[in-house]
Every structure is written in structure tokens, then in C-alpha cells.
Amino acid sequence: EAKKRSEGGQGCRVVEVSGADGRRYLLAVNFEASPVLVDIPGIDSAALRVCCGKADKSASGGLKLSIEAGQITLVSY
């Protein structure tokens, strides 16, 4: 079951799913023609693993995703 987490604009979508391994996964897809920056609150950054793309810890807690046009970011925690 996927859960919508955030939008970084009309063409960017972020969903969260539970993996068979017990970890949570966030998939962010940028469908826009330009880069987007998306803040995702409530993520345990200590357990964060970047599977694909880029992710940084947000100063306010959670994640900050910088996603290039047409690219994806996949993280688990």
C-alpha cells in the first residue's frame, strides 16, 4: 500500500511504501522540465539509506531531496 507523502510542484510526486524487509521506502519522481527541491518531514535520518539519487538531512529534521528534471530518488529508512 502506497501513501502519498509530498509534492514538490505539479510534476513531482513522492510516495512511501513498506518493503518486505520491514524498512520504509520513499520514491520521489520529478516529471518537470526543471530541478525541484522537496522537504519531507518525519524521517529518521539516522536510519536513512540512499538507494538511488540524492538526499540530505534537513535542518528542520527529516529529508531534503534535490531531484533533477526527469530523475528519481529512492531512499529507505
Side-chain angles (χ1 to χ4, degrees):
E1 173 178 322
K3 173 183 162 186
K4 182 178 175 181
R5 284 297 301 251
S6 178
E7 292 186 16
Q10 290 186 0
C12 183
R13 302 290 183 267
V14 181
V15 295
E16 178 181 66
V17 297
S18 293
D21 58 1
R23 293 178 64 87
R24 303 290 296 166
Y25 288 82
L26 278 178
L27 174 64
V29 182
N30 182 4
F31 296 103
E32 295 190 18
S34 59
V36 296
L37 185 61
V38 182
D39 284 313
I40 310 290
I43 300 296
D44 178 8
S45 57
L48 182 70
R49 185 177 65 140
V50 178
C51 304
C52 176
K54 300 176 190 173
D56 295 310
K57 295 177 185 177
S58 176
S60 60
L63 284 181
K64 185 172 289 201
L65 306 177
S66 176
I67 310 168
E68 296 296 322
Q71 298 297 308
I72 66 167
T73 296
L74 176 64
V75 299
S76 68
Y77 60 99

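One is the number of the first residue; the rest follow in order along the sequence.
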Taken to the nearest 0.5 Å, the spacing of Glu32 CD from Ile67 CD1 works out to 10.0 Å

What one should report as the nearest heavy-atom pair of Thr73 and Gly53 is OG1-CA, 4.0 Å

Stepwise side-chain contact (heavy atoms from CB on, under 4.5 Å) test for Val38 and Cys12
CA-CA 9 Å; Val38 182; Cys12 183; 3.9 Å; yes

Partner set under side-chain contact (heavy atoms from CB on, under 4.5 Å) for Cys51, not counting sequence neighbours
Tyr25, Arg49, Leu74, Ser76

Distance check, rounded to the nearest 0.5 Å: Cys52 atom SG versus Gln71 atom CD?
8.0 Å

If you define the side chain from C-beta out and look only at heavy atoms, does anything of Leu37 sit under 4.5 Å from Leu65?
no

Report yes if some heavy atom in the side chain of Asp39 is under 4.5 Å from a heavy atom in the side chain of Leu63; otherwise report no.
no

Mind checking the CD1-CG spacing from Ile72 to Leu27? Nearest 0.5 Å is all I need.
5.5 Å

Working note: Val15 + Leu26, criterion side-chain contact (heavy atoms from CB on, under 4.5 Å); need CA distance, chi angles, decisive distance, verdict.
CA-CA 6 Å; Val15 295; Leu26 278 178; over 6 Å; no

In Å, rounded to the nearest 0.5 Å, how long is the span from CD1 of Ile43 to CZ of Arg5?
4.0 Å

